Number of protein chains: 4
Amino acid sequence: MSEDHRSVHATSGAVVTAPSADSAMCEPRPMRADAARNHEKILLAAEEIFALDGVTVPIDIVAERAGVGIGTLYRHFPTKEALYEEIVVTRLRGLIATADECAKNPDAQEGLCSFLREFAHQASEKHDLFDALGQAGIDIKVRFFDVLEELMVRIDVLRQRAVDAGRVRDDVATKDMLNLVMGTCHAAGQSGVDGANLQRLVDIILAGIKNPN
Amino acid sequence: MSEDHRSVHATSGAVVTAPSADSAMCEPRPMRADAARNHEKILLAAEEIFALDGVTVPIDIVAERAGVGIGTLYRHFPTKEALYEEIVVTRLRGLIATADECAKNPDAQEGLCSFLREFAHQASEKHDLFDALGQAGIDIKVRFFDVLEELMVRIDVLRQRAVDAGRVRDDVATKDMLNLVMGTCHAAGQSGVDGANLQRLVDIILAGIKNPN
Amino acid sequence: MSEDHRSVHATSGAVVTAPSADSAMCEPRPMRADAARNHEKILLAAEEIFALDGVTVPIDIVAERAGVGIGTLYRHFPTKEALYEEIVVTRLRGLIATADECAKNPDAQEGLCSFLREFAHQASEKHDLFDALGQAGIDIKVRFFDVLEELMVRIDVLRQRAVDAGRVRDDVATKDMLNLVMGTCHAAGQSGVDGANLQRLVDIILAGIKNPN
Amino acid sequence: MSEDHRSVHATSGAVVTAPSADSAMCEPRPMRADAARNHEKILLAAEEIFALDGVTVPIDIVAERAGVGIGTLYRHFPTKEALYEEIVVTRLRGLIATADECAKNPDAQEGLCSFLREFAHQASEKHDLFDALGQAGIDIKVRFFDVLEELMVRIDVLRQRAVDAGRVRDDVATKDMLNLVMGTCHAAGQSGVDGANLQRLVDIILAGIKNPN
DNA sequence: AATGAATGAGAATTCATTCAT
DNA sequence: AATGAATGAATTCTCATTCAT
């Protein structure tokens with residue numbers, strides 16, 4: 001009545017080059033041309049829908065929107081949660097890259113600000129990200145945790161630089177900043193605040209954490 | 001929580017006694033006493049559980065916690081959403097009262113601050129309120145809207161007084177303030193920030209909207 | 001994304017006597033008149049269908065056959081497996097009673113034989129029982145295990161008496177007997193052997209375990 | 001496993017070369033060599049897995065184990081059931097050969113016994129065979145039926161010889177013997193009885209059918 | 001001819017809501 | 001008026017089979 005067969009389903013298959021008569025310099029995996037497209041379509045659809053309606057949307061809706069059968073969706077992501085995770089992790093990775101970029105800004109304060117603005121921008125339109133981050137403290141998934149941890153570290157670099165430059169209060173933790181910005185964006189996003197107004201809100205927060213020396 | 005409503009009952013129907021042949025010898029229905037008690041018990045249980053586990057808890061759990069049958073629950077609230085609504089509306093009414101109270105504070109700035117702190121306090125422990133408010137912009141229910149509108153007006157009084165007293169920037173809308181505080185509380189609440197730390201976050205926001213001149 | 005609410009669902013509710021104006025000597029639980037009937041209907045339907053088609057039949061079929069909705073079925077049995085278990089356990093209990101009865105037979109050999117015949121009789125028409133017993137060694141469920149253990153003990157009493165009376169070989173374990181009878185019945189049942197012929201098969205087995213002294 | 005068959009392919013279709021303009025310079029298709037190898041690999045994998053985990057294993061697992069794609073598997077066997085059938089039929093053919101061999105034994109009794117022992121031996125480790133045979137009476141497939149019939153005939157030869165030699169009761173049908181041995185093996189196999197003990201069970205059955213005169 | 005991606009009809013289970021007692 | 005049993009649509013996920021590459 002309860003079995004389990006079936007070895008773990010790898011999300012990204014082995015990279016095989018076509019074994020037959022093909023010449024030298026071809027890309028490393030010409031295989032699965034349209035499978036890759038489907039993967040992308042699913043990801044895209046899921047992003048849109050999760051961002052719009054939250055993570056509670058039935059998964060068939062996602063499949064339908066992606067234009068594939070549910071079976072296909074499940075071939076690419078073994079679980080609804082896995083799909084969700086992939087989206088969030090991808091987005092977190094993007095934010096890490098953004099943070100790294102901002103860390104190169106010679107003006108420490110400017111670096112922090114531009115990061116938070118970009119962060120806010122993404123946050124405002126992607127509910128799912130924030131549902132995820134918001135729940136991070138509660139229902140932590142390992143994969144999440146690692147990337148989130150990583151992101152925190154990067155943001156902390158930005159914050160510390162700004163503190164060292166005397167521009168930001170030293171009693172504000174990175175987590176505080178995230179809660180402020182993230183939460184505000186969440187609320188703003190849901191009550192339909194547009195981008196420009198959102199930036200104003202971020203500016204208020206920035207003013208709040210400014211060193212009042 | 002956001003789809004079709006088949007029943008059209010008002011949330012709290014007027015309590016009608018059977019209109020036919022009954023006026024003579026029947027008791028005047030003091031039964032309403034313990035019906036009222038049930039109403040209260042349900043409300044209390046729902047508050048606790050929604051606040052604790054979010055609005056996704058199955059409604060039987062609420063009934064069980066309240067110590068009544070589901071049937072009874074449904075007699076009092078025609079819909080899960082109606083129950084939910086009643087809680088939020090009640091709480092909003094409480095906040096309106098708080099706002100009125102704070103408006104009596106001779107120090108305008110102090111009035112605003114103490115309101116926002118109380119607001120944050122409630123928010124930090126009651127997820128449901130803010131799930132609700134957060135979604136208010138999207139899935140507006142008429143009853144919500146009215147009370148929310150009302151609350152906004154009261155907060156605006158506080159804000160305006162502080163602005164007039166030169167203590168708060170005049171380019172910050174009431175709605176902005178709500179988004180900032182509410183969103184932050186939401187995020188903080190979900191990541192398990194305690195009351196003291198939450199007050200620090202509110203203080204940061206207050207610093208951010210302070211008139212810098 | 002993954003919650004759990006909901007306290008464990010007891011299969012048999014608390015036994016409550018009607019609290020209102022009812023007289024002295026009423027049965028202990030006049031409540032749930034038709035719920036009990038449904039429970040029975042489900043059990044009956046499941047027995048028939050499992051016995052006929054094996055345990056792989058979709059559960060809606062069982063519900064349909066019982067004339068109830070699936071929801072109802074699940075109210076009575078929290079799991080398909082639980083339903084299955086209940087049937088098997090009930091039947092095993094019946095066999096235990098039979099064994100006890102047979103143990104009263106003054107003729108030890110006769111006691112054993114009549115038990116095995118009854119056993120075979122039930123086995124031949126109830127596939128599920130034997131699917132269950134057959135798998136007992138593999139996918140043991142605790143509840144099964146206990147009752148099965150119990151049954152084995154009772155059968156062993158019968159066997160031992162017959163051995164002591166010099167009628168049965170002493171090198172045949174109870175488990176051996178069960179495998180022989182059960183297995184044969186399973187095969188016979190599936191190939192459509194009728195009751196009379198089945199008894200002949202049992203007699204062959206009995207002949208095989210007879211003490212050849 | 002027991003419903004509609006949409007495709008109507010024969011289980012092992014004749015291998016046809018394209019009938020059009022091709023006779024001249026094309027190779028004579030020695031390709032069938034490795035196609036045959038695949039056929040064998042699939043059969044082997046299926047045997048192992050079905051015997052180990054029963055016939056409910058998803059077919060992809062079989063393909064994976066065989067080291068071929070599902071597509072390939074389906075090219076060789078139009079249906080899961082067809083694959084299953086082929087295995088059983090092959091095994092039945094093996095048993096027919098064994099029976100023929102045993103029929104050469106000058107000692108009739110010995111011939112029957114050694115056949116049944118070999119039969120039991122195979123049965124004990126190959127669940128699938130007996131799941132299949134067990135269900136043969138219910139869900140008969142034509143191909144099965146023929147081979148099974150054939151096997152019965154051969155066993156009957158063995159039985160009759162033993163009866164004629166006065167060693168075996170004449171009121172035991174071949175089918176009875178099969179039910180006894182097969183069923184016992186099934187049960188024993190599932191409850192994890194090892195080979196030696198299984199032989200003991202077979203001996204009990206043999207004792208049971210021995211001519212008692 | 002081989003591959004494995006796509007498909008979609010089920011299957012088990014949950015939960016808001018209705019209804020008989 | 002209260003109870004909790006019944007209901008069934010909706011949801012997640014599986015797996016035999018088909019089809020494009």
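Keep in mind the model is a prediction, meaning the values are calculated, not measured. Here is how names work: the chains are called A, B, and so on, in the same order as the sequence lines, proteins then strands, and each is numbered from 1.
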Sugar-phosphate, base or nothing in reach of A/Ile59, heavy atoms under 4.0 Å: sugar-phosphate
Nucleotide F/dC19, atom P - distance to CZ of D/Arg75 in whole Å: 14 Å
B/Thr79 side chain, from C-beta outward: closest of E/dT17, E/dA12, F/dA2: E/dT17
A/Val62 versus A/Ala45, closest heavy-atom pair with distance: O-CB, 3.8 Å
Test side-chain contact (heavy atoms from CB on, under 4.5 Å) applied to C/Ile49 and C/Leu44, C/Val55, C/Ile59, C/Val57, the passing residue: C/Val57
Watson-Crick or G-U wobble partner of F/dA10, both distances under 3.5 Å: E/dT13
D/Thr72 side chain, from C-beta outward: closest of F/dC13, E/dA2, F/dA2: E/dA2
Inter-residue atom distance B/His39.NE2 - B/Thr72.OG1, 0.5 Å rounding: 13.0 Å
Per C/Pro58 side chain, nearest of listed nucleotides E/dA12, E/dT18, F/dT18: E/dA12
Atom-pair distance (CG on C/Asp34; P on F/dT7), nearest Å: 10 Å
Atom-to-atom span, CZ of A/Phe77 to P of E/dA5 - whole angstrom: 13 Å
Partner nucleotide of F/dA1 by Watson-Crick or wobble geometry (both distances under 3.5 Å): none
Length of the CD-C1' vector between A/Glu64 and E/dT7, whole Å: 15 Å
A/Asn38 or C/Thr56, whichever maps to the more 5' nucleotide of DNA chain E: A/Asn38
Nucleotide F/dT7, atom C1' - distance to NE2 of C/His76 in whole Å: 12 Å
Upstream residue (5' side of DNA chain E) when D/Gly69 and C/Gly71 are each assigned their closest nucleotide: D/Gly69
Residue matched to F/dC15 through Watson-Crick or wobble contacts both under 3.5 angstrom: E/dG8
Selected nucleotide, minimal atom distance to C/Ile70 side chain, candidates F/dG8, E/dT17, F/dT12: F/dG8
B/Leu73 or C/Leu73, whichever maps to the more 5' nucleotide of DNA chain F: B/Leu73
Residues C/His76 and C/Glu86: side-chain donor-acceptor under 3.5 angstrom: no
Distance in angstrom units between A/Lys80 NZ and E/dT14 P, rounded: 16 Å
Nucleotide F/dA9, atom C1' - distance to CG of A/Asp60 in whole Å: 13 Å
Nucleotide E/dG4, atom C1' - distance to NE2 of A/His39 in whole Å: 16 Å
Point-to-point distance, once rounded to the nearest 0.5 Å, from CG of A/Leu73 to CG of A/Asn38: 10.0 Å
